[in-house]
Visitor: 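Take a look at this one; I'll ask things after.
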Amino acid sequence: MTIRTRFAPSPTGYLHIGGVRTALFNWLLAKQAGGQFVLRIDDTDTRRNLDETLQPILDGFNWLGLDWDEGPEVGGPHAPYFQSQRLEHYQAAANQLLASGHAYRDYSSPEEMAAEREAAEKEKRDFVYSRTWMAESDEQAAEFESQGRSFVVRLKMPRDGKCEFHDLVRGDVSFDWGREADHVIQRGDGTCLYHLANVVDDHDFEVTHVVRAVEHLSNTPRQIFILQSLGYEMPQYAHIPFVAEPGSKNKLSKRKIDQYLNNKDFKRLYQAGAEIANRIGIEADPYSFNPVLVDFYRDIGFLPDAVLNYLVLLGWSLDDKTEDFSREEMLEHFSADRIVRSEASFDCQKLLSFQASYMNALPLKQKTKMCLGFLQKANLVSDPVACEQGELISQIVEAAGDRICMAGDILKFDTFFIADEDMEFDEKPFQKRMVKPANAGFLLAEFNKVLNVTDDFDAAALETTLHGFCENQGIGVGDVIHALRVAVTGKAAGFGMFDTLEILGRQRCCNRIQIALDELAKRVEANQ
RNA sequence: GGCCCCUUCGUCUAGUGGUCUAGGACUCCGGCCUUUCACGCCGGCAACACGGGUUCGAGUCCCGUAGGGGUCACCA
């Protein structure tokens, strides 16, 4: 049997990280068995612009490399894959259910329904519809209609026995039929609802494994009732735990972003992202740009494999030790029976640590390419990039090493792309390293003279030069190197000092030191 | 509230009756390295929700309690 799974997003305009985890499990299950992963768009209830609301989701999948065998853009033997274009199938199914007596026209008014519901609640019993306005024959229907009533189609659910099925994650599950409500499957206007559409599509698309979040577990009996009534074969179900909020067991929700921002790690990640976003022209409004949404990671330069690796471990594990999974390894080892039953909270730190290690393992060339994109978006280098600049960027990326965790971090080293006269000094380190030590200015000026005439200007030679200079002056390296860093980069922290000098080159170094000394003189004057 | 589900370090998890004085990872805290910031290395703190059973023996099986969550739409 070919395994066919599906992921069925509603076009909401964004791709939720929890949704991706569900999609990933579906994708893995199908792909590892040589089966197909289908993308279906659940847009029965949307009147919004599909371009705007669907494209970000498709982009997210493309970025992650979660390819679908059938669905939007690629088509397939069961096209169309949009529910909005399959309404007649659902209507036909509704009619079939009506004809076979598994559904009925219900002429109750919303108020009458509400009254029954309330009464049940008052008496503390399950709400089961009295079926007072149920019409099973055309005569009954005509009578209700003569009273000015209109109908919806409801499922005529069994009232005895149990619905039993096996779930790949939860084991044997059973529900009492008698507690299930007669759900509406077709609205007054003739359009059909989710549960019907879902069952019909899964059947038409030949989906063999329904892998979805647990919140659908309690929907399953009514879906089973529908599919059995329609004579369909039952798929394998796997209800996976949802992804929970950082630090709680509530379902992760995009809408509660304000609350998550109170979480220290979540906030730090968001702020790091926002800093990058601000520089490359992306609006960092937390409602459209935040760590719950997949775009966030793409936009600030995460590696898709790192995100996937983190996600696969959220509710699944291979053993007691293995944590690193390439795409191939995931495909090889993933199995539904090792999916955990309890919900897992989203942990930014761990995601970040995967990102750091994946980034570190990325070949320099690719890392440079990623970083280049950010420099261009921030208008720090031209597009296309000039040849000698390309070399410079590669040097910087190499020197920065693991200080670049996400590609957008390259912007922390913008000092190399700024004209000397436009460089700004961070105030705090300037005070601490330049103003406060009495001899900083003198030492820097002296060392500048040395730099001006020293023969070789590569990192190794410069290191020797500086050490020689310190020896002559009778000082430690620490006495001058901090001021040097501030003078040359404007910042307190950065990568290796000598790499920095070499990359900048003699002229720019001397130039910047002179600017820093002038700045220092101004401060001293002002203080007197 | 009814129904259903879940419960091992702060977090993700390993664990299917003895090998558990509970293992790994992230975080955190020390230390080393070091010109800064990182990385790296070494070390450390830290958990079986509780109460009853069953058993020679329970994190592991059973019952109960508590806590947490999901779901109860003419949403998906």
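Because the structure is predicted, anything quoted here is derived from the model rather than measured.
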Visitor: Less than 3.5 Å apart, any donor N or O on the side chain of A/Arg179 or A/Ser218 sitting next to an acceptor on the other?
Guide: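 On atom types as modelled, these side chains do not qualify, holding no pair under 3.5 Å.
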Visitor: Scan A/Gly188 against the nucleic acid and name what it touches under 4.0 Å (heavy atoms): base, sugar-phosphate only, or nothing.
Guide: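 Base contact.
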Visitor: Taking the P atom of each, how far is B/C29 from B/U19, in whole Å?
Guide: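 Rounded to whole Å, the distance is 35 Å.
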Visitor: Report which part of the nucleic acid A/Phe495 touches: base, sugar-phosphate, or nothing (heavy-atom distance under 4.0 Å, all strands).
Guide: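 Answer is base: heavy atoms of A/Phe495 come under 4.0 Å of a base.
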Visitor: Please report, rounded to the nearest Å, how far the P atom of B/C12 is from the CG atom of A/Asn309.
Guide: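 It works out to 17 Å between those atoms.
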Visitor: Could you walk me through whether A/Arg6 and A/Asp201 pass the salt bridge (Lys or Arg N to Asp or Glu O under 4.0 Å) test, one step at a time?
Guide: CA-CA 10 Å; A/Arg6 49 74 166 170; A/Asp201 284 345; over 6 Å; no
Visitor: Check every atom of B/U27, B/U35, B/G69 against the side chain of A/Glu343 and return the nucleotide holding the closest atom.
Guide: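 Given the options B/U27, B/U35, B/G69, the side chain of A/Glu343 is closest to B/G69.
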Visitor: Which of these nucleotides, B/C74, B/G2, B/U35, is closest to any side-chain atom of A/Arg179?
Guide: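 So the nucleotide nearest the side chain must be B/G2.
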Visitor: Between B/C4 and B/U65, how many Å separate the two P atoms, rounded to a whole number?
Guide: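 13 Å, rounded to whole Å.
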Visitor: For A/Gly315, answer base if it contacts any base atom (sugar-phosphate contacts may also be present), sugar-phosphate if it contacts only those atoms, and nothing otherwise; contact means non-hydrogen atoms under 4.0 Å.
Guide: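 Contact class for A/Gly315: sugar-phosphate only.
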Visitor: Determine the interatomic distance between P on B/C41 and the same-named atom on B/C26; round to the nearest Å.
Guide: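 The answer is 10 Å between these two P atoms.
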Visitor: Give one of base, sugar-phosphate or nothing for A/Arg117, where a contact means two heavy atoms less than 4.0 Å apart.
Guide: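 Sugar-phosphate contact only.
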Visitor: Among B/G70, B/C75, B/G24, which nucleotide has an atom closest to any side-chain atom of A/Glu323?
Guide: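 The nucleotide sitting nearest to the side chain is B/G24.
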Visitor: Looking at every strand, decide which applies to A/Lys251 at a 4.0 Å heavy-atom threshold: base, sugar-phosphate, or nothing.
Guide: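 Sugar-phosphate contact only.
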Visitor: Which one, B/U7, B/G10, B/G23, comes nearest to the side chain of A/Asp347?
Guide: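 Among B/U7, B/G10, B/G23, the one nearest the side chain of A/Asp347 is B/G10.
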Visitor: Does one side chain, of A/Tyr104 or A/Asp182, offer a donor that lies under 3.5 Å from an acceptor on the other?
Guide: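 Yes, because at least one side-chain N or O of A/Tyr104 sits under 3.5 Å from a partner of the opposite role on A/Asp182.
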Visitor: Under 3.5 Å, is there a donor-acceptor pair linking the side chains of A/Thr322 and A/His333?
Guide: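 Looking only at side-chain atoms, A/His333 and A/Thr322 do not form any donor-acceptor pair under 3.5 Å.
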Visitor: What nucleic acid atoms does A/His239 come within less than 4.0 Å of, heavy atoms only: base, sugar-phosphate, or nothing?
Guide: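 No contact.
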Visitor: Would you say A/Arg485 and A/Thr489 are linked by a side-chain donor-acceptor pair, where the criterion is simply a distance under 3.5 Å?
Guide: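 Per modelled atom types, A/Thr489 and A/Arg485 side chains form no pair under 3.5 Å.
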Visitor: Between A/Ala8 and A/Phe354, just flag the one whose closest nucleotide in RNA chain B comes earlier from the 5' side.
Guide: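 Between the two, 5'-proximity favours A/Phe354.
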Visitor: Within the structure shown, what part of the strands sits under 4.0 Å from A/Gly478 by heavy-atom distance: base, sugar-phosphate, or nothing?
Guide: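 The residue A/Gly478 makes no contact with any strand.
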Visitor: Both A/Arg403 and A/Val340 contact RNA chain B. Taking the nearest nucleotide for each, which residue is further toward the 5' end?
Guide: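 That would be A/Val340.
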Visitor: Checking all strands, does A/Arg341 fall into the base, sugar-phosphate, or nothing category for heavy-atom contacts under 4.0 angstrom?
Guide: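 Sugar-phosphate, no base atom in range.
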Visitor: Can you say whether a donor on the side chain of A/Lys350 sits under 3.5 Å from an acceptor on the base of B/A25, or the other way round?
Guide: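 Answer yes: a donor N or O sits under 3.5 Å from an acceptor.
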Visitor: Tell me which nucleotide among B/G70, B/C74, B/C12 gets nearest to the side chain of A/Ser345.
Guide: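 Looking only at heavy atoms from C-beta outward on A/Ser345, the closest nucleotide is B/C12.
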Visitor: Over all strands shown, is A/Ala344 touching base, sugar-phosphate only, or nothing at heavy-atom distances under 4.0 angstrom?
Guide: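 Touches sugar-phosphate only.
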Visitor: Could you check which of B/C26, B/C74, B/G69 has an atom nearest any side-chain atom of A/Ser353?
Guide: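 Between B/C26, B/C74, B/G69, the one nearest the side chain of A/Ser353 would be B/C26.
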Visitor: From CG of A/Asp409 over to C1' of B/A38, roughly how many Å is that when rounded to an integer?
Guide: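 For the pair A/Asp409 CG and B/A38 C1', the rounded distance is 11 Å.
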Visitor: Under a 3.5 Å threshold, yes or no: a donor from one side chain and an acceptor from the other, between A/Gln431 and A/Glu427?
Guide: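 Yes, A/Glu427 and A/Gln431 have a side-chain donor paired with an acceptor closer than 3.5 Å.
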Visitor: Under 4.0 Å between any heavy atoms, over every strand shown, what does A/Arg170 touch: base, sugar-phosphate, or nothing? Just pick one.
Guide: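 Sugar-phosphate contact only.
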Visitor: Reckon A/Gln349 touches a base, only the sugar-phosphate, or nothing at all at heavy-atom distances under 4.0 Å?
Guide: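 Sugar-phosphate, backbone atoms only, no base.
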Visitor: Could you tell me how the ring of A/Tyr260 sits relative to the ring of A/Phe266: parallel (under 30°), tilted (30 to 60°) or perpendicular (over 60°)?
Guide: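 Ring orientation of A/Tyr260 relative to A/Phe266: perpendicular.
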Visitor: With a non-hydrogen cut-off below 4.0 angstrom, is A/Phe498 in contact with a base, only sugar-phosphate, or nothing?
Guide: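 If one applies the 4.0 Å heavy-atom cut-off, A/Phe498 turns out to touch a base.
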Visitor: Considering every strand and a 4.0 Å limit on heavy-atom distances, what is the contact class for A/Arg338: base, sugar-phosphate, or nothing?
Guide: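 If one applies the 4.0 Å heavy-atom cut-off, A/Arg338 turns out to touch the sugar-phosphate alone, with no base involved.
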Visitor: Which whole number of Å gives the distance between the P atom of B/G15 and that of B/C61?
Guide: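 Per the computed distance, 12 Å lies between those P atoms.
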Visitor: Considering every strand and a 4.0 Å limit on heavy-atom distances, what is the contact class for A/Val184: base, sugar-phosphate, or nothing?
Guide: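 Sugar-phosphate, backbone atoms only, no base.
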Visitor: Whole-Å distance between B/A25 P and A/Leu311 CG?
Guide: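 Result: 21 Å.
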Visitor: Given the C1' atoms of B/U60 and B/A14, what is the spacing between them in whole Å?
Guide: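 That atom pair is separated by 13 Å.
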